[in-house]
Amino acid sequence: MARGLLDYFPDALAEVAKVSYQGNEKHNPGQPLHHSRNKSSDHADCIMRHLVGRGGFDGDIRESAALAWRALALLQDELEQELGLSLPRGATLE
């Protein structure tokens with residue numbers, strides 16, 4: 001993962017991590033960083049909204065970073081469903 005992901009996209013991944021942090025502050029204020037799966041699952045629709053806004057910002061969030069976050073969330077959901085994977089340690093259903 002380091003050579004094939006982090007080494008390719010270090011700055012982009014840092015921006016996606018900011019989306020995670022700011023989303024946690026918005027949806028789970030005062031709680032440790034985690035992905036609350038029940039808060040929003042309309043990833044495909046949100047991907048389209050962020051794609052339309054690409055190159056711009058939604059407040060402090062770069063639209064393309066939010067798009068990437070949603071694409072990763074969609075892919076993670078698909079893989080969990082198709083492969084019967086457990087919930088990742090950074091996610092909750094609350």
Side-chain angles (χ1 to χ4, degrees):
M1 285 178 62
R3 289 180 56 200
L5 181 64
L6 183 60
D7 290 352
Y8 285 11
F9 311 111
D11 303 308
L13 291 170
E15 286 297 312
V16 173
K18 287 181 190 177
V19 173
S20 292
Y21 175 78
Q22 290 182 345
N24 195 74
E25 290 298 302
K26 177 180 177 180
H27 297 293
N28 310 300
Q31 296 180 24
L33 185 64
H34 68 284
H35 179 193
S36 295
R37 292 281 185 91
N38 69 337
K39 302 280 171 105
S40 178
S41 61
D42 57 339
H43 302 308
D45 288 335
C46 291
I47 286 169
M48 294 304 294
R49 178 170 50 86
H50 294 305
L51 184 60
V52 168
R54 68 192 182 277
F57 288 83
D58 180 7
D60 293 338
I61 299 287
R62 188 177 294 276
E63 292 278 8
S64 294
L67 184 151
W69 191 97
R70 287 292 186 159
L72 289 169
L74 180 64
L75 177 57
Q76 183 67 37
D77 287 349
E78 289 176 0
L79 291 170
E80 288 171 13
Q81 292 293 318
E82 291 172 17
L83 302 175
L85 301 174
S86 300
L87 200 63
R89 65 177 166 209
T92 66
L93 295 175
E94 29 179 270

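All values derive from a computational prediction rather than experimental measurement.
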Please name the residue in the list K39, H34, Q22 that meets the side chain to side chain contact (heavy atoms under 4.5 Å, CB included) test with H27. K39

To check you understand the geometry: which heavy-atom pair defines the closest contact between H43 and S40, and what is its length? CE1-O, 3.7 Å

Can you hop from M48 to V52 via hydrophobic side chains spaced under 4.5 Å? no

How long is the span from the CD1 atom in I47 to the CG atom in L72, to the nearest 0.5 Å? 9.0 Å

Nearest heavy-atom contact between V19 and A66 is CG2-N, 3.8 Å

Residues Q76, R37; criterion side-chain contact (heavy atoms from CB on, under 4.5 Å); working and verdict: CA-CA 11 Å; Q76 183 67 37; R37 292 281 185 91; 3.7 Å; yes

Which atom of N28 lies closest to which atom of S36, heavy atoms considered: OD1-OG, 2.9 Å

Salt bridge (Lys or Arg N to Asp or Glu O under 4.0 Å): which pairs involve residues 63-72, sequence neighbours left out? D42-R70

Kindly compute the distance separating CD (E25) from CD (Q31), expressed to the nearest 0.5 Å. 10.0 Å

Distance in Å, L67 CG paired with D58 CG, rounded so as to fall on 0.5 Å steps: 12.5 Å

Are side-chain heavy atoms of L87 and E80 found at a separation under 4.5 Å? yes

Smallest separation among heavy atoms of L33 and S20, with atom names: CD1-O, 3.6 Å

In the structure I gave you, are the side-chain heavy atoms of E15 and S64 within less than 4.5 Å of one another anywhere? no

Just wondering, are more than 12 heavy atoms of other shown residues or ligands nearer than 6.0 Å to CG in D60? no

On a heavy-atom basis, which atom in A65 and which in V16 lie closest, and how many Å separate them? O-CG2, 3.9 Å

Give a yes or no on whether L74 and L51 share a hydrophobic cluster (residues Ile, Leu, Val, Met, Phe, Trp, Tyr; joining criterion: side-chain heavy atoms under 4.5 Å apart). yes

Report the C-alpha distance between M1 and L6 in whole Å, list the side-chain angles of each, state the deciding distance to 0.1 Å, and finish with yes or no for side-chain contact (heavy atoms from CB on, under 4.5 Å). CA-CA 7 Å; M1 285 178 62; L6 183 60; over 6 Å; no

Under the side chain to side chain donor-acceptor pair (under 3.5 Å) test, residues paired with T92 that sit two or more places apart: none

